[in-house]
Amino acid sequence: RAPFAGRVASVAVAPGDRVTPGVELLRLYDVNSLEIRAPVLRTHLPAVRAALTDGALPGTAEVDGQHFPVSLSRLGGESAPGRGGIDALLTIEDPVDLVPGRFAEVELRLPVAAPAVLLPYESLYQTDRVFLISDGRLEAVPVRRLGEAPLGDGRRGVLVDAGRLQPGDL
């Protein structure tokens with residue numbers, strides 16, 4: 001008897017095979033307790049850790065074109081050699097039909113810690129400047145990238161530290 005109602009992942013024996021105690025007969029998993037394991041880069045760890053102190057972080061995942069809500073509940077306890085961060089363990093909010101081992105694209109919604117401005121990617125020059133129109137002239141303004149967010153028209157934008165930028169600036 002299985003300890004839970006689950007899905008059979010593989011069967012290691014066939015009817016009529018002789019088995020001894022302790023031999024693996026099959027592998028099964030609980031579809032209601034699946035988690036997603038995703039790497040968090042070292043550069044993003046401080047922001048993720050700080051946001052986790054306020055509770056689980058909401059997000060979305062996409063597997064095979066299917067989108068569903070997830071939440072980051074905890075970080076892994078160790079970092080594998082050669083990796084640039086640690087694993088995040090995400091809980092799947094609503095039961096969905098997933099198969100272990102599939103790749104997922106995960107997006108987390110971190111709180112913005114500093115005053116920020118959401119801009120189209122086209123407004124960035126190189127990776128750290130925007131041009132402000134001041135008195136009819138272009139003025140280079142250095143910016144610090146904070147992340148990405150949806151622009152509202154289906155495209156992705158870049159979130160930058162507001163710094164010298166003010167509402168209404170061009």
Side-chain angles (χ1 to χ4, degrees), residues 31-170:
V31 294
N32 295 318
S33 65
L34 288 177
E35 292 182 315
I36 295 175
R37 181 179 296 267
V40 176
L41 298 176
R42 181 181 16 243
T43 55
H44 299 298
L45 273 175
V48 170
R49 278 197 177 110
L52 268 176
T53 60
D54 295 333
L57 290 174
T60 57
E62 178 188 351
V63 177
D64 299 330
Q66 181 181 11
H67 295 266
F68 49 91
V70 295
S71 63
L72 173 60
S73 55
R74 64 193 190 284
L75 294 171
E78 63 183 5
S79 179
R83 303 226 11 217
I86 61 175
D87 284 343
L89 297 164
L90 299 113
T91 304
I92 300 167
E93 297 296 326
D94 297 323
V96 290
D97 188 23
L98 293 179
V99 177
R102 300 292 301 154
F103 285 100
E105 185 174 318
V106 176
E107 183 174 295
L108 291 175
R109 288 181 286 284
L110 294 170
V112 179
V117 176
L118 181 60
L119 302 170
Y121 271 105
E122 298 84 7
S123 62
L124 274 182
Y125 181 74
Q126 293 178 337
T127 59
D128 62 351
R129 267 183 281 174
V130 295
F131 284 92
L132 182 66
I133 299 174
S134 177
D135 296 326
R137 303 189 76 171
L138 293 177
E139 175 187 354
V141 177
V143 294
R144 184 172 54 96
R145 290 179 61 167
L146 301 173
E148 295 181 356
L151 285 170
D153 60 1
R155 295 182 304 145
R156 307 279 305 160
V158 61
L159 203 57
V160 298
D161 187 350
R164 291 182 34 208
L165 302 175
Q166 300 296 320
D169 281 348
L170 299 175

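Taking each heavy atom of Pro120 and Ser123 in turn, the nearest pair found is O-OG, 2.7 Å. The nearest pair of heavy atoms linking Asp87 to Pro39 is OD1-CA, 3.8 Å.
Distance check: Glu35 CD to Ile92 CD1 gives 8.0 Å after rounding to the nearest 0.5 Å. The CG atom of Leu72 lies 8.5 Å from the OG1 atom of Thr91; values are rounded to the nearest 0.5 Å. Taking CG of Leu57 as the reference point, atom CG of Leu110 lies at 5.5 Å (rounded to 0.5 Å).
For Pro58, the side-chain contact (heavy atoms from CB on, under 4.5 Å) partners at least two apart in sequence or on another chain are Arg109. Evaluation of the side-chain hydrogen bond (donor to acceptor under 3.5 Å, both in side chains) rule for Glu148 yields Tyr121, Arg156 as partners, not counting sequence neighbours. Applying the salt bridge (charged side-chain N to carboxylate O under 4.0 Å, His left out) test to Glu122 and every residue at least two apart in sequence or in another chain returns Arg155. Here Arg42 pairs with nothing under the salt bridge (charged side-chain N to carboxylate O under 4.0 Å, His left out) rule; sequence neighbours left out.
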Using atom types as modelled, flag every donor-acceptor pair under 3.5 Å from a side chain in residues 133-147 to any protein atom, sequence neighbours excluded.
| from | atom 1 | to | atom 2 | distance (Å) |
| --- | --- | --- | --- | --- |
| Glu139 | OE2 | Arg164 | NH2 | 2.1 |
| Arg144 | NH2 | Asp161 | OD2 | 3.3 |

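The ring-ring contact (aromatic ring centres under 6.0 Å, His included) contacts involving residues 137-170 comprise nothing, where partners must be two or more places apart or lie in separate chains.
With a 6.0 Å radius and a threshold of 12 heavy atoms from other residues, nucleotides or ligands, Phe131 has its CZ atom above the threshold. The number of heavy-atom neighbours closer than 6.0 Å to CZ of Arg37, taken from other residues, nucleotides and ligands shown, is 12 or below.
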Report task. Kindly determine whether Leu132 and Leu165 satisfy side-chain contact (heavy atoms from CB on, under 4.5 Å), including the steps that lead there. Result -> CA-CA 8 Å; Leu132 182 66; Leu165 302 175; 4.3 Å; yes
Requested in this report: Evaluate the criterion side-chain contact (heavy atoms from CB on, under 4.5 Å) for residue pair Val158 and Val160; output intermediate values, then yes/no.
Outcome: CA-CA 6 Å; Val158 61; Val160 298; 4.1 Å; yes
Report task. Might you work through the side-chain contact (heavy atoms from CB on, under 4.5 Å) test for Leu108 and Thr60, ending with a clear yes or no? Result -> CA-CA 7 Å; Leu108 291 175; Thr60 57; over 6 Å; no
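Ile86 places a side-chain heavy atom less than 4.5 Å from the side chain of Leu45. With a 4.5 Å cut-off on side-chain heavy atoms, Phe103 and Asp64 do not count as touching.
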